[in-house]
There are 2 protein chains.
Amino acid sequence: MATLKLDDFLPYRLSIASNRVSAAIASAYQALFGLKISEWRLVAVIAEGPGMTQQALGLATRMDKVTVSRAAAALVERGLVARQPNPGDQRSHMLALTATGQALYDDVAPKALELEARVFAGFSPAEIKAFRAMLDRIEASAAPFDPE
Amino acid sequence: MATLKLDDFLPYRLSIASNRVSAAIASAYQALFGLKISEWRLVAVIAEGPGMTQQALGLATRMDKVTVSRAAAALVERGLVARQPNPGDQRSHMLALTATGQALYDDVAPKALELEARVFAGFSPAEIKAFRAMLDRIEASAAPFDPE
DNA sequence: GCTATATCGTTTCATCTGAAACCAGTTGGA
DNA sequence: TCCAACTGGTTTCAGATGAAACGATATAGC
């Protein structure tokens, strides 16, 4: 009979570790900038490459279009993001950071990197590289089940 | 100015990988056995060591007591778990698998291990060991932020 | 061109989640 | 032996989530 110790079950460990990290990040962003993770992700991607539609943002952040829609609305509401008309398609808009949004990003990004550094403190660059590579492979091998 | 590519941000990658794996497992359990992940975790822990209270189960599964309460109620309702009185404390019960519950567990456990194997296919034992160790360290270094 | 179908984004709704209030039972201190 | 404070567990409530329905625009086939 197969026996299974929950603590040895990798999907469980992965989930616990990920939830802890997410909770840490979420509360830091919320406290420091009033941003939810979904909003922060949008800001980061828009900063990388302005002028994306929500659909493109959804792909880039792997988030549901509903989540993107709500996060974008919140950012526009707060004046961090502006919508420009999309000449080629009137259903969508191009999103870009406002000056305020850019300033916020310039403020948030270092904090994010610092948090990351804190969580992964004590890992050598080689270990981090290996970890990243494993996440890629896991993501790929679990993707088929995930409709998205 | 610090720049941050979302795709290079480890907490993000960790979250995506974990969510994919969880989604895969959740849908498999739901389809095969009608179990949610919280319910499955309870079954696994109760099988390991019967006669635990919900409070102990919460610690063992790192789940909220509300989640444990609901999962336990569902399992009792389905006749997979039975509550025995706890002689030392009438507020709580000792939970154990029924024969049906045990049979289900015997059925579920191999499938779980198989799914895990599929997701982590292509990883050497050494890689898996290293990965597990990194998850432990991440969990520990993110824990201080997490009130639980 | 005109209609059928597909797509972008928002809204609705049903579900899930955990914080806080709650009830029942337990414990410690006067 | 009381009663105040505490603990195990359930219920309530408010917020978050995503599937499905929707409105508006785009596109393809005729």
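Keep in mind that what you see is a predicted model, and the values were worked out from it rather than measured. Letters A, B, ... mirror the listed sequences (proteins, then strands); counts begin at 1.
Side-chain contact between A:E39 and A:Y29 is absent, with no heavy atoms from C-beta onward closer than 4.5 Å.
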Q: Report, as a single string ordered 5' to 3', how protein heavy atoms within less than 4.0 Å touch nucleotides 9-16 of chain D: B base, S sugar-phosphate only, - not at all.
A: BBBB---S

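Between the CD1 atom of A:I37 and the P atom of D:dT17 there is a distance of 9 Å, rounded to whole Å. Taking atom CD of residue B:Q90 and atom C1' of nucleotide C:dA24, one finds them 10 Å apart after rounding to whole Å. Put simply, CG on B:D64 is 16 Å from P on C:dC16, counting in whole angstrom units. B:M63 has its CE atom 15 Å from the P atom of C:dC16, to the nearest Å. Atoms CG (A:L57) and P (C:dG9) sit 9 Å apart, rounded to a whole Å. If you measure from atom CG of B:D89 to atom P of D:dT7, you get 12 Å, rounded to the nearest angstrom.
Aromatic ring orientation, A:Y105 versus A:W40: parallel (interplanar angle below 30°, classes split at 30° and 60°).
Side-chain heavy atoms closer than 4.5 Å link hydrophobic residues (I, L, V, M, F, W, Y) into clusters, and following such links, even through other members, never connects B:V66 to B:L75. Tracing side-chain contacts under 4.5 Å through hydrophobic residues (I, L, V, M, F, W, Y), one never reaches B:M94 starting from B:L57; they form parts of separate clusters.
Between the side chain of A:S22 and the backbone N or O of A:S18 there is at least one donor-acceptor pair closer than 3.5 Å.
To the nearest 0.5 Å, the span separating CG on A:L97 from CG on A:D106 amounts to 9.0 Å. A:T53 contributes atom OG1, which lies 10.0 Å from atom CZ of A:R91 (distance to the nearest 0.5 angstrom).
Under the rule for a side-chain contact (heavy atoms from CB on, under 4.5 Å), the partners of A:D107 that lie at least two apart in sequence or sit in another chain are A:F33.
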Distances for protein N or O near nucleotides 1-3 of chain D N or O, under 3.5 Å:
none

